[in-house]
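Residue numbers begin at 1 in each chain, while the letters A, B, ... track the order of the sequences.
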Amino acid sequence: MSLDINKLSVGDIIPEIKFDEVTQVQLIKYAGAAGDFNPIHTVPSYAKEAGLDGTIAHGMLIMGMLGKLISDWSGIKHVTKYGVSFKSKTVPGDTLIAKGEIKKITPGDGFSLVDCKVYIEDTSGDVKVDGKVTIKL
Amino acid sequence: MALDMSYKGKEFPSYSFKVEHCKIKELCGAIGDKNPIYFDSEEAKKDGYKDSPAPLTFASLMSFWGYPEIWNRMTEIGIDIKRLLHAKEEYEYLELIYPGDELTGTVSVDSLRDGKMQMACFKTTFKRGSEVVLIAKMTIMVPPAN
């Protein structure tokens, strides 16, 4: 599936994705996959000693979940830029929803650039990660 | 602890990273991205790809597995790695990355700011041969001590 630039407009909403609840096992899987073994993400007693209520998710896991919103929508081959700011912590038990919308379309020579705002929040609307993405079509 | 500002602009020795399909699957599995193009080469080909492409945040995996020395470099600069927070992460994609690619990653100190709040941005340029395929920027901050 491929997006048609002629059918896109500023303000269009990217189809949202609701993820399964974040679990402690998921954080362990992410640690192993990504190679980020900071025990703040995997060992509850360590996280508590560090002053937290418990383990917190890797920010990069959440950026990866938000990335799925983009790559499912546009196809990964069309993504030229993706950047995020980390806003608040995600903990096991949170259910996250990734959302986005088109902010700007810039026609170029033989292609167009589509700039979008993307973000991922929990079910109470707390934004965890927000960012910008540029798609080339 | 004051930062050693002489590190601003400094480039660290390059490292190599071989992309394996298994790591792409593991990362997508952990993220919960079940798109079959990442798991099955044939599904990826049907969608116009050469093979299963590396997902958008694969650079972070390459950095952690390929250049764990970054933690020592940060400590040398004077960054308190126990207190640092990840503020921003930004990618510029020039070419798709595929299983079998042998990439070279080179980290440099893109910006460094000292003060009550310390900030540092590390830029990694990933090349396949002489071709730049991906530029990653990681910005970390160390909040003021209480």
Item to complete: Please check if L84(B) and L112(B) belong to a single hydrophobic cluster, counting links between Ile, Leu, Val, Met, Phe, Trp and Tyr side chain heavy atoms closer than 4.5 Å.
Response: yes

Worksheet entry | Heavy-atom proximity to chain A below 4.5 Å, by part of A54(B) | backbone

Response to the item:
Turns out that what part of D36(A) lies under 4.5 Å from chain B's heavy atoms comes down to both

Item to complete: Please flag which part of F19(A) lies under 4.5 Å from any non-hydrogen atom of chain B: side chain, backbone, both or neither.
Response: side chain

Worksheet item: If Ile, Leu, Val, Met, Phe, Trp and Tyr residues are connected whenever their side-chain heavy atoms lie under 4.5 Å apart, and connections chain through other members, are W71(B) and V109(B) in the same group?
Response: yes

Worksheet item: Counting N and O atoms only, with roles assigned by atom type, does the side chain of K81(A) sit under 3.5 Å from a partner on the main chain of Y91(B), one being a donor and the other an acceptor?
Response: no

Discussion item. Please tell me whether V133(B) and F122(B) are part of a single hydrophobic cluster in this structure, the criterion being side-chain heavy atoms less than 4.5 Å apart.
Written reply: yes

Worksheet entry | Heavy-atom contact with chain A under 4.5 Å, split by part of K46(B) | neither

Practice prompt. Consider only side-chain heavy atoms of I, L, V, M, F, W and Y, link residues closer than 4.5 Å, and tell whether M119(B) and I77(B) are in one cluster.
Written response: no

Worksheet, complete the sentence: Between Q26(A) and A30(B), the two heavy atoms sitting closest are NE2-O, 2.9 Å

Discussion item. Tell me whether the count of non-hydrogen atoms from other residues, nucleotides or ligands lying under 6.0 Å of CG in N72(B) goes above 12.
Written reply: yes

Worksheet item: So, for L56(B) and I70(A), which heavy atoms are closest and what is the spacing to 0.1 Å?
Response: CD1-CB, 4.2 Å

Discussion item. Heavy-atom cut-off 4.5 Å, strictly under: side chain, backbone, both or neither for I28(A) against chain B?
Written reply: neither

Worksheet, complete the sentence: Heavy atoms of K68(A) and D33(B) approach each other most closely as NZ-OD1, 3.0 Å

Worksheet item: Rounded to the nearest 0.5 Å, how far apart are CE of M60(A) and CG of L27(B)?
Response: 8.5 Å

Discussion item. So for F58(B), is it side chain, backbone, both, or neither that comes closer than 4.5 Å to the heavy atoms of chain A?
Written reply: neither

Worksheet item: Once you round to the nearest 0.5 Å, how far does CZ of F86(A) lie from CG of L85(B)?
Response: 11.0 Å

Discussion item. Tell me whether K18(B) at atom NZ has more than 12 heavy atoms from other residues, nucleotides or ligands lying less than 6.0 Å away.
Written reply: no

Worksheet item: Do the side chains of Y67(B) and Y7(B) join up, straight or via other hydrophobic residues, at under 4.5 Å, putting them in one cluster?
Response: yes

Discussion item. Just verifying a value: how many Å separate N38(A) CG and F64(B) CZ, rounded to the nearest 0.5 Å?
Written reply: 8.0 Å

Discussion item. To the closest 0.5 Å, what do you measure between CD1 (I40(A)) and NZ (K82(B))?
Written reply: 11.5 Å

Worksheet item: Are I37(B) and S71(A) side-chain neighbours, meaning at least one heavy-atom pair lies under 4.5 Å?
Response: no

Fill in: Qualifying residue for side-chain contact (heavy atoms from CB on, under 4.5 Å) with Y93(B), from T80(A), V79(A), I76(A)
V79(A)

Practice prompt. Could you check which of K77(A), K29(A), M65(A) has the highest count of heavy-atom pairs closer than 4.5 Å to chain B?
Written response: K77(A)

Response to the item:
Taken to the nearest 0.5 Å, the spacing of K88(B) NZ from M63(A) CE works out to 12.0 Å

Worksheet item: What do you reckon, is CG of D4(A) surrounded by more than 12 foreign heavy atoms closer than 6.0 Å?
Response: yes

